[in-house]
Amino acid sequence: MEEPNVYHTPNEELTNNTVDCCSPQGALAVSACHDVHSPQGNDGPRHSHHSDEMKNILTSRLNRIEGQVRGIKGMIERDTYCDDVLTQIAAVQSALNSVGKLLLEGHMKSCVIERIQAGDSEVIDELLVTVKKLMK
C-alpha cells in the first residue's frame with residue numbers, strides 16, 4: 001500500500017494522495033502551522049508541517065522502536081549472546097534511519113521549499129548540516 005503524501009508546498013494543489021498538513025479543515029491557514037520566521041533569520045520558534053496522519057505514522061514507528069530498545073535491554077539483562085544483541089541493535093538503527101528519511105523528505109518538500117520561496121537561502125546551509133548528521 002502506497003503511503004499518502006502528507007506534505008505539500010504552500011501553493012501546491014492537493015490531490016487524492018496528498019493530505020493538507022496545514023489545517024484540519026483542508027485550507028491553507030495563513031501560514032499558522034509554519035509559525036514565525038523571517039527570511040533574514042529565525043525570529044521565533046519554528047514548527048513542523050506534519051499532518052495528523054503523519055504524526056500517527058511517525059509515532060507508531062517510534063513506539064515500535066521503543067519496544068525494540070526495551071527488548072534489547074532485556075536481552076542484555078538475560079545475558080543473551082552478543083551477536084544476537086548486536087543484530088537487534090542494527091535493526092533499531094535501521095528503523096530510526098527510516099524515520100529520519102521520512103522526516104527529511106517532508107522537511108525538504110515543505111519547510112525548505114517554503115523558506116527558499118520566501119527568499120531565505122540560509123535554509124540550504126541548515127539542510128546540508130542536517131544531512132551530514134544523518135549520514136554519520
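Just so you know, these numbers use all the heavy atoms, side chains as well, and skip hydrogens, waters and symmetry mates.
Atoms NZ and CD1, on Lys109 and Ile113 in that order, are 8.5 Å from each other to the nearest 0.5 Å. Considering CG of Leu134 and CG of Leu104, their distance stands at 6.0 Å, rounded to 0.5 Å. Taking CD1 of Ile57 as the start and CG of Leu62 as the end, the distance is 12.0 Å to the nearest 0.5 Å. To the nearest 0.5 Å, the span separating OG1 on Thr59 from CZ on Arg64 amounts to 11.0 Å. Annotation: the span from Ser60 atom OG to Lys55 atom NZ amounts to 15.5 Å, rounded to 0.5 Å.
When side chains are defined from C-beta on, Val123 does not count as touching Glu114, because their heavy atoms never get closer than 4.5 Å. Annotation: side chain of Leu127 is in contact with side chain of Val131 (closest heavy-atom distance under 4.5 Å).
Ile124 and Val129 are assigned to two separate hydrophobic clusters, defined by single-linkage of ILVMFWY side chains at heavy-atom distances under 4.5 Å. At a threshold of 4.5 Å between side-chain heavy atoms, the hydrophobic network of Ile, Leu, Val, Met, Phe, Trp and Tyr places Met108 and Met135 in one connected group.
Pairing each heavy atom of Leu103 with each of Leu58, the nearest pair is CD2-CD1, 3.5 Å.
Listed by first and then second residue, the side chain to side chain donor-acceptor pair (under 3.5 Å) pairs involving residues 83-102 are Arg61-Ser98 (not counting sequence neighbours).
Thr80 meets the side chain to side chain donor-acceptor pair (under 3.5 Å) test with no other residue; sequence neighbours excluded.
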Take Glu126 and Arg115 through the test salt bridge (Lys or Arg N to Asp or Glu O under 4.0 Å) and record every step on the way to the result.
CA-CA 11 Å; Glu126 177 186 284; Arg115 288 177 60 191; 3.2 Å; yes
